[in-house]
Amino acid sequence: MRLTIEHKTWYAYEQQVKLSTQYLRLTPQNSVHQQILSWDLDLPCEATRTLDAYGNVMHVLTLDTPHQQLAIAARGVVEILDDGELSPDPESILSPLVFLRATPLTLPDAAIRDFALRYWHAEKPLSSLEKLMDELLLKMPYQPGSTQVSDTAAKVFAAGSGVCQDHSHVFLACCRSLGIRRAMSAAISILIMLNTLPPTLGLRPGWMAIGTALISPIIRAARVSIYGWR
């Protein structure tokens with residue numbers, strides 16, 4: 001399946017700022033699951049390309065002249081490979097042990113555990129997690145400006161609203177409370193970030209389909225290699 005992708009981000013400041021730095025992880029890489037046919041970044045000035053600790057391509061963009069707005073765009077064409085086209089490449093796979101570390105932002109509390117258990121059926125793991133995502137969006141409507149980046153999953157869940165990062169943190173906390181390793185839940189969390197697009201944009205169904213296609217190979221690999229799910 002070939003996907004044509006275009007992503008745009010706009011920053012607007014209440015007043016002019018003299019200096020800003022952005023760490024951009026907007027460049028996908030070739031892997032056993034996908035081939036990048038073309039990819040471009042449209043940035044206001046040249047950025048420094050490097051790799052982060054996980055091997056992701058990262059661009060460091062620094063603006064050192066006064067500015068009040070900033071526009072960033074990424075676009076390209078990606079070929080998603082079917083199972084029959086895949087060949088093992090152990091060097092391109094992160095060890096799942098990387099994702100077993102506890103993080104303060106995704107620690108579950110009793111309320112999150114009760115919520116996750118309400119929709120979990122061990123015999124239907126994938127459909128259970130999809131249902132959990134849908135219910136989480138109803139429980140925590142998308143509301144820009146309602147939280148801070150340092151807010152924990154427990155705090156935003158109790159508040160009952162949040163943005164993409166908050167939905168991801170709570171979803172990961174739900175998976176952790178269910179005993180699901182983050183190698184699995186981190187992949188599926190891509191879906192919930194797409195799921196939280198405001199419905200008024202009219203893009204949510206299409207983005208959800210794209211998100212499912214992008215992570216389905218990761219989900220299948222995680223289910224088989226880690227849990228034995230088929």
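Heavy-atom basis, side chains included; hydrogens, waters and symmetry copies ignored.
Atoms OG1 and CG, from T48 and L24 in turn, are 11.0 Å apart once rounded to the nearest 0.5 Å. Between the OG1 atom in T4 and the CZ atom in R75 there is a gap of 12.0 Å [rounded to 0.5 Å]. Interatomic distance, D42 CG to E6 CD, rounded to the nearest 0.5 Å: 9.5 Å. Rounded to the nearest 0.5 angstrom, L105 CG and H169 NE2 are separated by 5.0 Å. Atom CG in L117 sits 6.5 Å away from atom CG in D114 (nearest 0.5 Å). Note that CG of L129 and CG of L136 are 11.5 Å apart. Values are rounded to the nearest 0.5 Å.
With a 4.5 Å cut-off on side-chain heavy atoms, D52 and V57 do not count as touching. Counting only heavy atoms from C-beta outward, the side chains of W39 and V77 never approach each other to under 4.5 Å. With a 4.5 Å cut-off on side-chain heavy atoms, Q165 and V149 count as touching. Contact check for F157 versus K139: side-chain heavy atoms found under the 4.5 Å cut-off. Using a 4.5 Å heavy-atom cutoff, the side chains of L61 and L63 are in contact. Put simply, the side chain of C174 does not reach to within 4.5 Å of the side chain of W120, judged on heavy atoms. The closest side-chain heavy-atom distance from S20 to Y13 is below 4.5 Å. No side-chain heavy atom of L26 sits under 4.5 Å from any side-chain heavy atom of H59.
Annotation for P108 and A173: closest pair CB-O, 3.5 Å, computed over non-hydrogen atoms. Residues A47 and L43 approach most closely at CB-CD1, 3.8 Å, considering heavy atoms. When all heavy atoms of A153 and V170 are compared, the pair lying nearest together is O-CG2, 3.6 Å. In this structure, A116 and L132 approach most closely via the heavy-atom pair CA-CD1, 4.1 Å. Annotation for R113 and S177: closest pair CG-CB, 3.5 Å, computed over non-hydrogen atoms. Residues I72 and Y11 share a closest heavy-atom pair of CD1-CE1, 4.0 Å.
No donor-acceptor distance shorter than 3.5 angstrom exists from the side chain of H167 to the backbone of L137, with no hydrogens or angles considered. A side-chain donor-acceptor contact under 3.5 Å links Q34 to the backbone of Q29.
Dense packing is recorded around CD of Q16, with more than 12 heavy atoms of other residues, nucleotides or ligands lying under 6.0 Å away. Counting heavy atoms of neighbouring residues, nucleotides and ligands inside a 6.0 Å radius, atom OH of Y23 does not exceed 12 of them. The environment of CD in Q69 is sparse: at most 12 heavy-atom neighbours from other residues, nucleotides or ligands sit within 6.0 Å.
Using a 4.5 Å cut-off between side-chain heavy atoms of Ile, Leu, Val, Met, Phe, Trp and Tyr, with links allowed through other members, V17 and V60 fall into different hydrophobic clusters.
E135 and K131 are joined by a salt bridge, as a carboxylate oxygen and a charged side-chain nitrogen come within less than 4.0 angstrom of each other.
For residues 147-160, the side chain to side chain donor-acceptor pair (under 3.5 Å) pairs, not counting sequence neighbours, are T147-D166, D151-K155.
A donor-acceptor pair shorter than 3.5 Å cannot be found between the side chains of H67 and T65.
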* **side-chain contact (heavy atoms from CB on, under 4.5 Å) between S161 and M140, worked out** => CA-CA 4 Å; S161 65; M140 292 176 53; 5.6 Å; no
* Asked: Could you go step by step and tell me if L70 and Q22 meet the side-chain contact (heavy atoms from CB on, under 4.5 Å) rule?
  -> CA-CA 10 Å; L70 174 60; Q22 312 289 335; 3.7 Å; yes
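Between Y119 and F115, the two ring planes are perpendicular [angle over 60°; tilted spans 30° to 60°].
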